[in-house]
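Structure first, then comments.
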Amino acid sequence: RIGKSGGSRVVLVNGHSGAGKSTLIRHAKSSLKDSNVSFISGKFEQLQQRRPLSAIDAALAEYSDKIVRQGQQKVLQVRKSIIEVINTDVGVLTECFPCLSKIIGTTTTAPPEWADELSLRIISALIRDTENTGFLFIGSYRDNEVAPSDLLPILINELEASKVQVTNINVSSISKEDVNNLIADTVGMPQHHSTWMWDSKGIDAREIADDAGVLLSKKILQLPRGCQYGMKLLACIGSKCDATTLMFIINKGKDLEESIAGKMLYFAVDEGLLRKEGPNYVFVHDQIQQAAYSLVPENERGSLHRQVGHLMLKSLTENQDD
C-alpha cells in the first residue's frame with residue numbers, strides 16, 4: 001500500500017533485545033527490493049548516543065551512495081529536485097548531513113545548534129508532512145527499555161492523536177515449546193519424545209556465563225588476533241563501516257599488507273559475528289558490537305578513538321586526491 005493516497009504511515013516494531021526485530025525489518029527491505037520503492041535505513045547506536053542525528057545521517061548516506069551508483073544523470077536529476085524544494089537553505093542541509101554533498105555539492109553555512117532530541121523531532125515532522133503521501137516510516141525499539149516519560153512514547157501518542165496511521169508489531173521471545181521443537185529437529189530427536197534428560201553436574205562444570213555479552217566476548221577472543229583487532233576498530237566506528245575504509249584503518253594501525261588485512265574479518269563472518277552487506281561490514285547484533293568494544297581496556301579507548309578518527313580523515317583525504 002506504499003505510495004497510495006492517505007498520508008504517511010508508521011510501523012513500530014517492538015520487543016526485547018535479540019527477539020528478531022531487525023531481522024523482521026531486513027526481510028521487509030528484501031521483499032521491496034524489486035518494487036519502485038526507495039528503502040533507506042539508519043540506526044541509533046548505543047555507543048554513539050552523544051552524536052546527534054546519527055541514524056538520519058546513516059540513512060541519508062545510504063541514499064546518497066545509492067543515487068551515485070546510478071550515474072551522473074541520476075545525480076543531476078536528484079540535485080535539481082532537492083535544490084528546487086530547499087532553495088537557499090541547501091547549505092544547512094549539507095552542514096547537518098555532509099553525505100548529501102555527494103549529490104548537492106559542497107556548500108557553506110553557519111553550523112546549527114543541535115539538541116539530542118532533534119532526530120526524533122525531524123522524523124515526527126517528516127511523518128506529519130501532508131505532502132509526503134508515499135512515505136512509510138518503520139522503526140524498532142526495545143519496549144522494555146522505554147519509560148512512559150521518555151520522548152519516544154510522547155511523540156508516538158502525538159502522532160496517533162493527529163490521526164497518523166500507526167501499526168504496532170510486537171516481536172516476543174520464542175516460546176519453550178518452539179525452542180523444544182527447534183532443538184529436537186536440530187539433533188534429530190523424534191517429536192514423540194516429550195522429555196529431555198541432562199547431566200546437571202556436567203553442565204555446572206562447564207561454567208557457562210549467564211551474561212550473553214560475556215559469552216560473545218569469549219567467542220571473539222577465540223578468533224585470530226588480527227580479526228579481534230579489526231572487530232575492536234569496527235566497534236569504535238559504529239555498527240557498520242565500508243570495507244575500503246575499514247581495511248585502510250586495519251592496515252595502517254597494524255602495519256599489515258593489504259591482502260592480509262582484507263582476509264582478517266572473514267573469520268568473524270564465518271562465525272556469524274559479522275556479515276557483509278553490500279560494501280559494508282556490519283555487526284550482526286548490537287550485543288556483538290558491545291562485546292567487541294568491551295575488549296578494549298577503558299584506559300585505551302580514548303587513544304584508539306583518536307587513532308581511528310585520524311586514519312578515517314586520512315582515508316578521506318587520499319580518496320579525494322585520487
Side-chain angles (χ1 to χ4, degrees), residues 17-18 22 42-58 61 98-99 111 114-119 141-142 145 209-256 258 260-269 271-277 279-319:
S17 174
S22 298
K43 183 177 184 179
F44 293 103
E45 300 184 27
Q46 185 172 359
L47 300 179
Q48 296 188 19
Q49 293 183 28
R50 295 183 180 180
R51 180 186 167 198
L53 304 171
S54 59
I56 299 175
D57 184 51
C99 59
W114 283 333
D116 193 41
E117 66 183 50
L118 184 57
S119 294
Y141 63 97
R142 300 175 184 177
E145 299 180 15
D210 293 331
D211 189 342
V214 175
L215 290 172
L216 290 169
S217 297
K218 289 182 177 179
K219 186 171 184 178
I220 294 172
L221 289 173
Q222 293 173 359
L223 298 171
R225 287 185 178 272
C227 185
Q228 294 178 36
Y229 177 70
M231 291 188 68
K232 292 175 186 177
L233 291 178
L234 178 55
C236 288
I237 297 170
S239 63
K240 66 179 179 180
C241 181
D242 70 273
T244 302
T245 302
L246 187 57
M247 291 306 110
F248 178 86
I249 295 172
I250 294 174
N251 181 30
K252 297 296 183 181
K254 280 291 186 180
D255 195 22
L256 300 168
E258 188 174 351
I260 298 175
K263 296 176 181 178
M264 281 186 175
L265 295 180
Y266 291 173
F267 296 99
V269 174
E271 289 296 324
L273 299 171
L274 300 178
R275 69 172 181 272
K276 196 74 187 304
E277 193 175 89
N280 300 317
Y281 278 105
V282 185
F283 281 106
V284 171
H285 196 272
D286 292 345
Q287 292 191 10
I288 300 174
Q289 179 188 355
Q290 293 162 20
Y293 191 73
S294 72
L295 296 176
V296 182
E298 289 191 22
N299 62 338
E300 297 178 11
R301 291 176 183 175
S303 60
L304 185 59
H305 276 284
R306 282 194 297 274
Q307 180 187 10
V308 169
H310 286 310
L311 290 173
M312 289 184 73
L313 181 60
K314 186 176 181 180
S315 173
L316 290 172
T317 303
E318 291 190 4
N319 288 337

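Hydrogens, waters and symmetry mates are skipped; everything else that's a heavy atom, side chains included, is used. Not measured: the values here are computed from a predicted model.
Residue C99 comes nearest to A61 through the heavy atom pair SG-N, 3.4 Å, listed as atom of the first residue, atom of the second, then distance. Of all heavy-atom pairs spanning L216 and A291, the tightest one is CB-CB, 3.7 Å. Scanning both residues, S119 and I56, for their nearest heavy atoms gives O-CD1, 3.7 Å. The two residues G272 and V284 have their closest heavy-atom pair at O-CG2, 3.3 Å. Across every non-hydrogen atom of M231 and A268, the tightest pair is SD-CB, 3.8 Å.
Under the side-chain hydrogen bond (donor to acceptor under 3.5 Å, both in side chains) criterion, H305 pairs with Y293, not counting sequence neighbours. When the side chain to side chain contact (heavy atoms under 4.5 Å, CB included) test is applied to S22, the partners found at least two apart in sequence or on another chain are R26. When the side-chain hydrogen bond (donor to acceptor under 3.5 Å, both in side chains) test is applied to E277, the partners found at least two apart in sequence or on another chain are R275. Listed by chain and number, the residues in a side chain to side chain contact (heavy atoms under 4.5 Å, CB included) with S17 are R142, H285, Q287 (sequence neighbours excluded). With sequence neighbours left out, K43 forms a side-chain hydrogen bond (donor to acceptor under 3.5 Å, both in side chains) with D286.
Residues I250 and M247 have side chains in contact (heavy-atom distance under 4.5 Å, counting atoms from C-beta outward).
To the nearest 0.5 Å, the span separating OG1 on T245 from CG on L234 amounts to 11.5 Å. To the nearest 0.5 Å, the span separating CZ on R306 from SG on C236 amounts to 11.5 Å. Put simply, CG on L223 and CG on L274 are 9.0 Å apart, with the number rounded to the nearest 0.5 Å. Rounding to the nearest 0.5 Å gives a distance of 10.0 Å between CD of Q290 and CZ of F283. Atom OG1 of T244 is separated from atom CD1 of I249 by 11.0 Å, given to the nearest 0.5 angstrom. With rounding to the nearest 0.5 angstrom, the CG atom of N299 is 11.5 Å from the CG atom of L304.
Sorted by first and then second residue, the salt bridge (charged side-chain N to carboxylate O under 4.0 Å, His left out) pairs with a member in residues 227-240 read E62-K240; sequence neighbours excluded.
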>> Show, in sequence, the C-alpha distance, side-chain angles and deciding distance for Y281 and V269, and conclude whether the side chain to side chain contact (heavy atoms under 4.5 Å, CB included) test is met.
In response: CA-CA 9 Å; Y281 278 105; V269 174; 3.9 Å; yes
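Counted within 6.0 Å of OH on Y141, heavy atoms from surrounding residues, nucleotides or ligands total more than 12; the atom is thus considered enclosed.
Evaluated for a side-chain contact (heavy atoms from CB on, under 4.5 Å) with C241, the options N280, L233, L246, V308 yield exactly one hit, L246.
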